[in-house]
Amino acid sequence: MKRTALFPGSFDPFTKGHEDIVLRGLELFDEIIIGIGFNSQKNTRYFEVNFMVEKIQETFKDYPQVKVIVFAELTASLAKKYKANFLLRGLRNTTDFEYENTISQVNRVINTNLETVFLITSPKYAYISSTIIREVHKYQGDVSKFLPYKL
Ligand code: ADP
């Protein structure tokens, strides 16, 4: 059976930390669907969602088994729709853990076939967060070192 994982997130922006999780996830899964959670009714994004779709597609142009979608629904329902039995998430620290622990348990109650697989961040990317990148970018700082594509 094909092993499909959904990698959901805001990806505002998609970073080298995210890229690392996807590349390592490809060792485990046949297909990875990167899902950008986006609600057009309450758009609070810093980077435009379609722009981010393009940049992620460009990043994985050599990997046909990586797909990018935009969604505005429960992650567990979305996984069902795409026949993904796995959720892929990255863990940087205990704050991530506290949050992810609850979410993954709830997701499993909603969709019993859904197993969340956590990859511990590579130390060289552990400090990278989308929040920090937005902050640096807002004040005209150079964020190119944190991103796997050119802005
Ligand atoms: P969310 O809005 O759900 O927090 P993010 O876009 O911030 O989504 O992140 C998506 C996933 O990637 C989360 O599981 C997060 O922990 C993980 N992640 C974010 N940054 C890194 C990083 N530098 N290294 C590894 N995983 C990361």
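Counting starts at 1 for both ligands and their atoms, in listed order. All values below come from the heavy atoms of this structure, side chains included, with hydrogens, waters and symmetry mates left out.
Residue Phe51 places its CZ atom among more than 12 non-hydrogen atoms of other residues, nucleotides or ligands, all under 6.0 Å distant.
For Lys16, the closest heavy-atom approach to ligand 1 does not fall below 4.0 Å. Ligand 1 does not have Phe118 within reach: every non-hydrogen atom of the residue lies 4.0 Å or more from it. Within the structure, the closest approach of Thr15 to ligand 1 does not fall below 4.0 Å when heavy atoms are considered.
The residue from Thr59, Ile56, Val22, Ile33 that alone fulfils the side-chain contact (heavy atoms from CB on, under 4.5 Å) condition with Val66 is Val22.
Salt bridge status for Arg24 with Glu27: absent, with no side-chain N to carboxylate O gap under 4.0 Å. The existence of a salt bridge linking Glu135 and Lys138 is confirmed by a sub-4.0 Å separation between a basic side-chain nitrogen and an acidic carboxylate oxygen.
Of the heavy atoms in Ile21, only side-chain atoms (C-beta onward) come closer than 4.0 Å to ligand 1. With a 4.0 Å cut-off on non-hydrogen atoms, Tyr127 does not touch ligand 1 at all.
Among all protein heavy atoms, the one lying closest to atom 1 (P) of ligand 1 is Ser10 OG, 3.8 Å. The protein non-hydrogen atom at the shortest distance from atom 6 (O) of ligand 1 is Phe11 N, 2.9 Å. Closest to atom 16 (O) of ligand 1, if we only count protein heavy atoms, is Gly90 O, 2.7 Å. Regarding atom 24 (N) of ligand 1, its nearest protein heavy-atom neighbour is Thr121 OG1, 3.0 Å.
The minimum heavy-atom distance linking Tyr149 with Met52 is given by the pair OH-SD, 3.4 Å. The shortest non-hydrogen separation linking Tyr127 to Lys124 is CE2-O, 3.2 Å.
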*What's the verdict on salt bridge (Lys or Arg N to Asp or Glu O under 4.0 Å) for Lys61 and Glu58, showing C-alpha distance, side-chain angles and the deciding distance?*
CA-CA 5 Å; Lys61 62 180 186 314; Glu58 183 185 310; over 6 Å; no

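Remark: ligand 1 atoms within the under-4.0 Å shell around heavy atoms of Asp96 are 16 (O). Listed by atom number, the atoms of ligand 1 under 4.0 Å from Ile128 heavy atoms are 20 (N), 22 (C), 23 (N).
Side-chain contact annotation: Gln105 with Asn101, donor-acceptor N/O pair under 3.5 Å present.
Nearest residue to atom 21 (C) of ligand 1 from Arg92, Glu19, Arg24 is Arg92 (criterion: closest heavy atom). Counting heavy atoms only, His18 comes closest to atom 19 (C) of ligand 1 of the residues Glu100, Arg89, His18.
No single ILVMFWY cluster, assembled from side-chain heavy atoms under 4.5 Å apart, contains both Phe118 and Leu87.
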